[in-house]
Amino acid sequence: MSEKITGIMGAMPEEINGVVALLVNRQEVTIGGRTYFTGTINDIKTVVVFSRWGKVAAATTVSTLILTFNITQLLFTGVAGAISHQLKIGDIVIAKRLVQHDMDARPLMPQFEIPLLGKTYFDCDAYLLTIAQNAVNNLLQNKHLHATIDSAALEAFDITVPKLVVGDIASGDQFISGSSSKNNILQQLPAVVCVEMEGAAVAQVCFEYDIPFVIVRTISDTADEQSHIDFRLFINTISSRYAVEIIKNIYSQF
Ligand code: SAH
């Protein structure tokens with residue numbers, strides 16, 4: 001069996017910094033303007049990188065992880081905007097499937113279908129999804145949450161009992177911050193629970209190279225006019241801490 005090499009991509013540099021700090025024997029290599037940090041976590045070879053934002057950037061980054069660093073599995077963390085009205089800021093979504101909400105090659109093929117693949121949805125790997133679910137459930141237990149995140153930060157974002165949802169994630173090259181775009185996604189893709197800008201692109205590349213992957217997103221905003229303004233504070237105090245704890249827990253299950 002070939003050696004396991006895990007790629008970890010984060011859509012926020014602040015999240016990456018915490019994960020990079022977990023690497024033992026850390027080295028860095030810069031390719032195409034991205035810095036790839038290599039080393040081991042729990043003796044498993046690992047490469048950590050900031051995806052950059054948007055589908056092209058993220059697809060390029062994951063291609064390098066696959067072709068240059070020979071990763072055999074991929075974990076992705078980042079933030080996302082809520083599409084489902086059930087989701088609150090601080091909740092966590094693990095993708096069951098990913099779809100590109102801005103793909104539209106009609107009339108050549110149905111809306112959202114990826115040209116030449118004949119596919120609209122990409123599934124996360126069942127095993128990685130299960131261990132990511134365990135990791136998130138563990139983090140969100142009241143005692144662990146309060147040990148990980150400062151109470152003042154939880155209060156600042158009105159996070160009381162954050163929950164995990166496993167559902168569809170839509171990606172596109174747009175930051176969704178208005179009710180009409182939000183409702184448009186909900187109407188056209190009713191199973192979608194949140195929106196972001198990278199996941200489905202990374203999922204497509206992983207599918208094409210047969211690399212198992214899982215995508216985990218923390219809800220940072222409601223993708224409408226009420227999107228909270230202190231994005232940076234949210235990343236620093238909430239989602240970057242979530243990401244490190246989730247990654248550590250996933251590794252404890254490998
Ligand atoms: N405003 C941020 C910039 C990052 S936003 C800043 O000042 O630092 C882009 C990132 O947030 C992407 O990784 C995207 O996937 C995610 N994201 C969060 N909420 C989103 C939303 N409502 N629509 C689209 N992408 C969103």
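Every number for a ligand or one of its atoms is a count from 1 in the order of the listing.
Considering L65, V205, I66 as possible partners of L74, the one that fulfils the side chain to side chain contact (heavy atoms under 4.5 Å, CB included) test is L65.
If you check the side chains of N249 and E245, you find no donor sitting under 3.5 Å from an acceptor. Side-chain contact of Y251 with T46: a donor-acceptor pair under 3.5 Å is present, judged by distance alone. Looking at N134 and Q253, their side chains do bring a donor and an acceptor atom within 3.5 Å of each other.
Enumerated by chain and number, the residues approaching ligand 1 to less than 4.0 Å through a heavy atom are A11, M12, W53, V79, A80, G81, Q174, F175, I176, V195, E196, M197, E198, R217, S220, D221, A223, F231, R232.
Under a hydrophobic clustering in which Ile, Leu, Val, Met, Phe, Trp and Tyr are joined whenever their side-chain heavy atoms come within less than 4.5 Å, directly or via other members, F234 and L145 fall into the same cluster.
The side chain to side chain donor-acceptor pair (under 3.5 Å) analysis of residues 191-218, with sequence neighbours excluded, yields the pairs Q100-Q204, S171-E196, E196-R217, E198-R217.
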